[in-house]
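Proteins get letters first, then strands, A, B, ... in listed order; numbering begins at 1 in each.
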Number of protein chains: 2
Amino acid sequence: MLSNACQYAIRAILYLGIQTDENNKIGVKQISEDLETPQPFLAKLLQQLTKTNLVSSTKGPNGGFYLSEKDTKNSVWDVIKTIDGTSKFDSCFLGLSKCTDETPCPVHFIVSPFKEKLLNSFRDKTIEQYVIEIQQTGKIISLKDFDILKN
Amino acid sequence: MLSNACQYAIRAILYLGIQTDENNKIGVKQISEDLETPQPFLAKLLQQLTKTNLVSSTKGPNGGFYLSEKDTKNSVWDVIKTIDGTSKFDSCFLGLSKCTDETPCPVHFIVSPFKEKLLNSFRDKTIEQYVIEIQQTGKIISLKDFDILKN
DNA sequence: CTAAAAAAAGATTTTTTAGTCTTTAAATAA
DNA sequence: TTATTTAAAGACTAAAAAATCTTTTTTTAG
């Protein structure tokens with residue numbers, strides 16, 4: 001459903017939410033290793049997110065990417081809008097241009113509630129809230145997490 | 001989630017379920033018009049479905065594609081397996097290689113039940129059953145359906 | 001038996017997505 | 001102030017998906 005780019009971006013922003021703040025920045029190299037994503041490709045994505053003010057960065061030694069306090073108030077939905085756009089959430093599962101509640105496709109009423117639910121989760125929950133939930137319930141977003149689990 | 005190819009194929013097979021049988025075949029041209037799909041591309045797909053025995057066809061004048069009695073006993077899942085493969089239903093929404101019930105990604109428990117439900121619908125319901133449901137509840141799969149609605 | 005109608009086969013092109021490489025700019029530590 | 005470290009920018013390449021075009025084969029109506 002989501003492009004690779006968007007999957008990487010979401011995982012990266014959650015990762016940054018967990019690992020970083022104004023005083024703890026991380027470079028692309030480390031991020032891409034932990035997330036198992038292609039380094040230069042992820043760099044591009046982080047640049048995009050930085051340009052749209054979803055992620056913060058500083059150059060030079062000890063620089064890197066991080067989420068500011070403010071950044072953590074954004075939503076996963078913001079990331080999706082930036083990287084993939086919203087079309088995948090608007091469009092019919094079977095590709096019908098005119099699939100609606102009134103003229104539904106054969107799977108409309110199976111797919112629709114799910115999209116709604118997922119959209120709500122992405123739109124109404126902040127990165128910060130996701131991070132808290134991830135930490136409290138031990139969710140996984142990177143290889144690093146498996147190392148943590150082992151300890 | 002599904003490729004264009006697969007969306008076209010599913011709609012085509014349901015269309016054939018509704019419109020055709022051994023004595024009423026339809027050519028690609030008409031099918032692609034009704035479904036609003038690129039004609040030569042759909043032709044390819046129908047050939048693939050024919051080769052894997054999900055769709056029947058005969059060449060020559062008055063030939064075309066159709067679903068035999070037997071064909072209608074197959075499932076939408078069979079179509080997906082033929083065209084896209086199953087990977088999209090196995091893999092994590094955020095692209096994590098190791099996302100499971102035990103080590104879930106942050107959206108695993110939102111996405112998982114949906115995939116389950118959708119998979120069941122695709123796997124356990126025959127084309128025939130889909131067709132009946134479509135006819136009884138007035139679901140939409142093609143432009144043609146809108147013409148029908150108007151009458 | 002032949003012409004026309006249709007699918008089958010396969011080569012080709014286009015577009016999109018994914019990913020890489022190279023150069024430039026900024027920041028900082030020494 | 002200079003070397004080093006890091007992101008930013010942009011050009012480039014590769015692979016996959018989508019779509020098209022051309023030729024061949026089969027069928028059947030006349």
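For A/Gln39 and C/dT22, the CD to P distance is 14 Å, given to the nearest whole Å. Distance CD1 (B/Ile31) to C1' (C/dA6): 12 Å, rounded to an integer number of Å. Between A/Leu42 atom CG and D/dA7 atom C1' the separation is 12 Å, expressed in whole Å. Rounded to whole Å, atom P of D/dA16 lies 11 Å from atom CG of A/Asn4. Between the P atom of C/dA8 and the CZ atom of B/Phe41 lies a distance of 16 Å, rounded to the nearest Å. Straight-line distance from the CG atom of A/Leu45 to the P atom of C/dT20: 12 Å, rounded to whole Å. Atoms CG (B/Leu16) and P (C/dA7) sit 11 Å apart, rounded to a whole Å. When the C1' atom of D/dA7 is taken as reference, atom CZ of A/Phe65 falls 5 Å away, rounded to whole Å.
Nucleic acid contact class of A/Ile83 (heavy atoms, under 4.0 Å, all strands): none. Within the nucleic acid shown, A/Pro38 comes within 4.0 Å of sugar-phosphate atoms alone, with no base atom in reach, counting heavy atoms only. Here A/Lys44 lies in heavy-atom contact (under 4.0 Å) with a base.
Minimum atom distance to the side chain of A/Lys51 is reached by D/dA9, of the listed D/dA8, D/dA9, C/dA6. Looking at the side chain of B/Tyr8, the nearest of the listed nucleotides C/dG19, D/dA18, D/dA19 is D/dA19. Counting only heavy atoms from C-beta on, B/Ser3 has its side chain closest to D/dA18 among D/dA18, C/dA9, C/dT20. Of the candidates C/dA7, D/dA29, D/dA8, D/dA8 carries the atom nearest the A/Ser57 side chain, counting heavy atoms from C-beta on. For B/Pro61, counting side-chain heavy atoms from C-beta on, the closest listed nucleotide (D/dA7, C/dA18, C/dA4) is C/dA4. Side chain of B/Ala5, nearest nucleotide from D/dA8, C/dA8, D/dA18: D/dA18.
Relative orientation of the B/Tyr130 and B/Phe122 rings is tilted, given thresholds of 30° and 60° on the angle between their planes.
Between B/Asn62 and C/dA5 there is no side-chain N or O to OP1 or OP2 distance below 4.0 Å.
Nearest-nucleotide mapping onto DNA chain C: of A/Pro40 and B/Val28, the residue sitting toward the 5' end is B/Val28.
Remark: D/dA29 base-pairs with C/dT2; criterion is Watson-Crick or G-U wobble with both hydrogen-bond distances under 3.5 Å.
Taking the ring centre of A/Tyr66 as origin, the terminal cationic atom of A/Lys25 falls inside the region bounded by 6.0 Å and 45° from the ring axis.
In this structure, A/Ile83 is a member of the same hydrophobic cluster as A/Leu35, with clusters built from ILVMFWY side-chain heavy atoms closer than 4.5 Å.
Checked by atom type and distance alone, the side chain of A/Thr82 pairs as donor or acceptor with a backbone atom of A/Asp78 at under 3.5 Å.
With a 4.5 Å cut-off on side-chain heavy atoms, B/Ser142 and B/Glu36 do not count as touching.
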